[in-house]
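Worksheet: the structure to be examined is printed underneath.
In the text below, chain A, chain B and the rest are named by the order of the sequence lines, each starting its count at 1.
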Amino acid sequence: MSTDNDVSAVLDKVFSQILKSNIFINREVLRPDYIPDELPHREEQIAKLGSILAPSLRGYRPSNVFIYGLTGTGKTAVTKYVIKKLYNKAVELGLDIIHCYINTRQDDTTYRVILRLAECTNLRLPFTGISTAEAYRRFLRALDSRGGIMIVVLDEIDFLIKRQGDELLYRLTRSGDELHNSKISIIGITNDLKLVEDLDPRVRSSLGEIEMVFPPYNAIQLEDILKRRAKMAFNPNAIDNSVISLCAALAAREHGDARRALDLLRVAGEIAEREGSTVVTRDHVYKALKEIERDRVGEVIMTMPLHSKLVLLSILYLTRGGGKTTTGDVYTYYKSLCSKIGIESVTQRRVSDIIGELDMAGIITAKVISRGRYGKTRIISLAVPEDIVIKTLKEDPYLEPLLSWD
DNA sequence: ATTCCACCGGAACGTGTGGGAT
DNA sequence: ATCCCACACGTTCCGGTGGAAT
């Protein structure tokens, strides 16, 4: 279709556009993992967490902490910030403090968490092969022979607990019995306020020695945060306050999620850059809104196993035009799809779990209801635009023959 | 007040893949 | 070479349940 020259010309254009663009001065500060030097409107939490962890500078084990707050309320940022400062201070004082940040959404099994813990003590463990108990023993031995205070941050801890229970937490909180030269203290972070309820009371009391709550940012605070960050990120002429306000307002609608707001700002900037515009406009923000959604959904769907995609395709078909469907109907249709492409179907039990997974991923909404005499089921509807789903599913060659009805 | 549907959802277990430790 | 291990994905078995219908 296109010659090498065409392609190279297009690339040249893209490259030169980015190179001559002066929208950003430093886009890094808008990335989600960036920790700023100042965290406005979180002074109180910083001070409190700082005072909780400070005893480690005198060789005492800090209390365990449980941190609650909705997404994008600064839990992770504040924790990382305080730990960074603490660590710097410790180095300055010649103290040995080991810090370990683990996100249990990514490392959601006991074994993988232990692996990460071991890494922080410079112990390399195989990713499979040895038993969890053995891995734990080795980690403790390595830590104890190294000595020092270890501060462990378990972010999104609800994922670990949901999958593996609180066994590891229990052992970690009681690790003092097995350690002579070192101590472990734990900071658990979650946005699931109900989490504690189904925790072993012993774990609850030791892990929640101190509890902290992060309230959501309001629209004014959000705007202030964005303005400060934008000042560092953007060329002063490339963006004006009304665009920033728009980002803040859109994010405030979603319970004051600062991460979303910053994402929005960054992606809007990138779109402006790609389009060769010299300023970021409100229109770019709206486009960013769509692009973020599209990327997220696309990413999730693309990496799903075949049967999950087939279930999703069934839901898509049965809810065309914003309708609703039920588990039984999805299963029936799903089975017909399987026979159409000549593969074996999974059981309804499994499909039920897949529906749950799709719900968790935010692709669909599934709510358990009772229809009285007509049984209990889930009513299911699509939670994202149809065209995004269709477009992504089309990329899977296995599904090709099934996507002709649109 | 009971019945009973159409599933829900917990638990234990199986299989295949990619790996130890000795 | 032999035996053990983690993990994703799936199965089998089965008790549980909200509320319309009777």
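- Rounded to whole angstrom, the span from the CG atom of A:Leu306 across to the P atom of C:dA8 amounts to 19 Å.
- End-to-end axis angle of the helix from B:dA1-C:dT22 to B:dT22-C:dA1, using five pairs per end and rounding to 10°, comes to 30°.
- At the phosphate of B:dC8, OP1 or OP2 sits under 4.0 Å from a side-chain N or O atom of A:Ser352.
- Residue A:Arg378 is classed as a sugar-phosphate contact, given heavy-atom separations below 4.0 Å to backbone atoms only.
- The separation between A:Leu358 atom CG and C:dC9 atom C1' is 15 Å, rounded to whole Å.
- Put simply, CD1 on A:Ile380 is 8 Å from P on B:dC8, counting in whole angstrom units.
- Closest to the A:Ser131 side chain, of the nucleotides C:dA6, B:dC8, C:dC13, is C:dA6.
- Heavy atoms of A:Ser308 sit nowhere under 4.0 angstrom from any nucleic acid atom.
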note = Under a 4.0 Å heavy-atom criterion, the protein footprint on nucleotides 17-22 of chain C, written with B, S and -, is BBBBS-
inquiry  = Would A:Asp33 and A:Arg31 count as a salt bridge (Lys or Arg N to Asp or Glu O under 4.0 Å) here? Give the steps.
reply    = CA-CA 6 Å; A:Asp33 49 353; A:Arg31 293 178 41 117; 3.7 Å; yes
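- A:Gln348 comes within contact range of the sugar-phosphate backbone alone, with a heavy-atom separation under 4.0 Å but no base atom that close.
- Between A:Thr76 and A:Asp155, the side chains place a donor N or O and an acceptor N or O closer than 3.5 Å (distance only, hydrogens not considered).
- For C:dT11, the OP1/OP2 oxygens have a side-chain nitrogen or oxygen of A:Thr347 closer than 4.0 Å.
- Checked for salt-bridge contact, A:Arg266 and A:Asp263 meet the test: a charged N lies under 4.0 Å from a carboxylate O.
- For the pair A:Arg349 CZ and B:dA6 C1', the computed distance is 14 Å after rounding to whole Å.
- Between A:Leu310 atom CG and C:dG10 atom P there is a gap of 10 Å when expressed in whole angstrom units.
- The aromatic ring centres of A:Tyr317 and A:Tyr333 sit less than 6.0 Å apart.
- The nucleotide whose nearest atom lies closest to any side-chain atom of A:Thr326 is, among B:dC7, C:dG10, B:dA11, B:dC7.
- As rounded to whole Å, 9 Å separates atom P of B:dG9 from atom CG of A:Asp353.
- Heavy atoms from other residues, nucleotides or ligands lying under 6.0 Å from CZ of A:Arg260 number 12 at most.
- Listed pair A:Arg350 / C:dG10 meets the phosphate criterion, a side-chain N or O lying under 4.0 Å from OP1 or OP2.
- Contact check on A:Arg124 versus A:Glu119 returns no salt bridge, with no Lys/Arg side-chain nitrogen under 4.0 Å from an Asp/Glu carboxylate oxygen.
- Residue A:Ile343 contributes atom CD1, which lies 15 Å from atom P of C:dC9 at whole-angstrom precision.
- In A:Tyr34, the OH atom is crowded: over 12 heavy atoms of neighbouring residues, nucleotides or ligands sit closer than 6.0 Å.
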key: Pair A:Gln164-A:Thr110, side-chain hydrogen bond (donor to acceptor under 3.5 Å, both in side chains): steps then yes or no   = CA-CA 7 Å; A:Gln164 309 269 289; A:Thr110 302; 3.2 Å; yes
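- A:Asp158 and A:Thr190 are linked by a side-chain donor-acceptor pair at a separation below 3.5 angstrom, with hydrogens and angles left out of the test.
- One interatomic measurement links the two molecules: CE of A:Met360 to C1' of B:dC8, which rounds to 17 Å at whole-angstrom precision.
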inquiry  = At under 4.0 Å between heavy atoms, how does the protein contact nucleotides 13-22 of chain B? Give one character per nucleotide, 5' to 3', with B, S or -.
reply    = -----BBSS-
request  = List the steps and the verdict of salt bridge (Lys or Arg N to Asp or Glu O under 4.0 Å) for A:Arg137 and A:Glu134.
outcome  = CA-CA 5 Å; A:Arg137 259 199 304 279; A:Glu134 174 63 17; 2.8 Å; yes
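- Between the side chain of A:Glu223 and the backbone N or O of A:Ala248 there is no donor-acceptor pair closer than 3.5 Å.
- Heavy atoms only, all atoms of each residue included: A:Leu265 and A:Ala230 are closest at CD2-CB, 4.1 Å.
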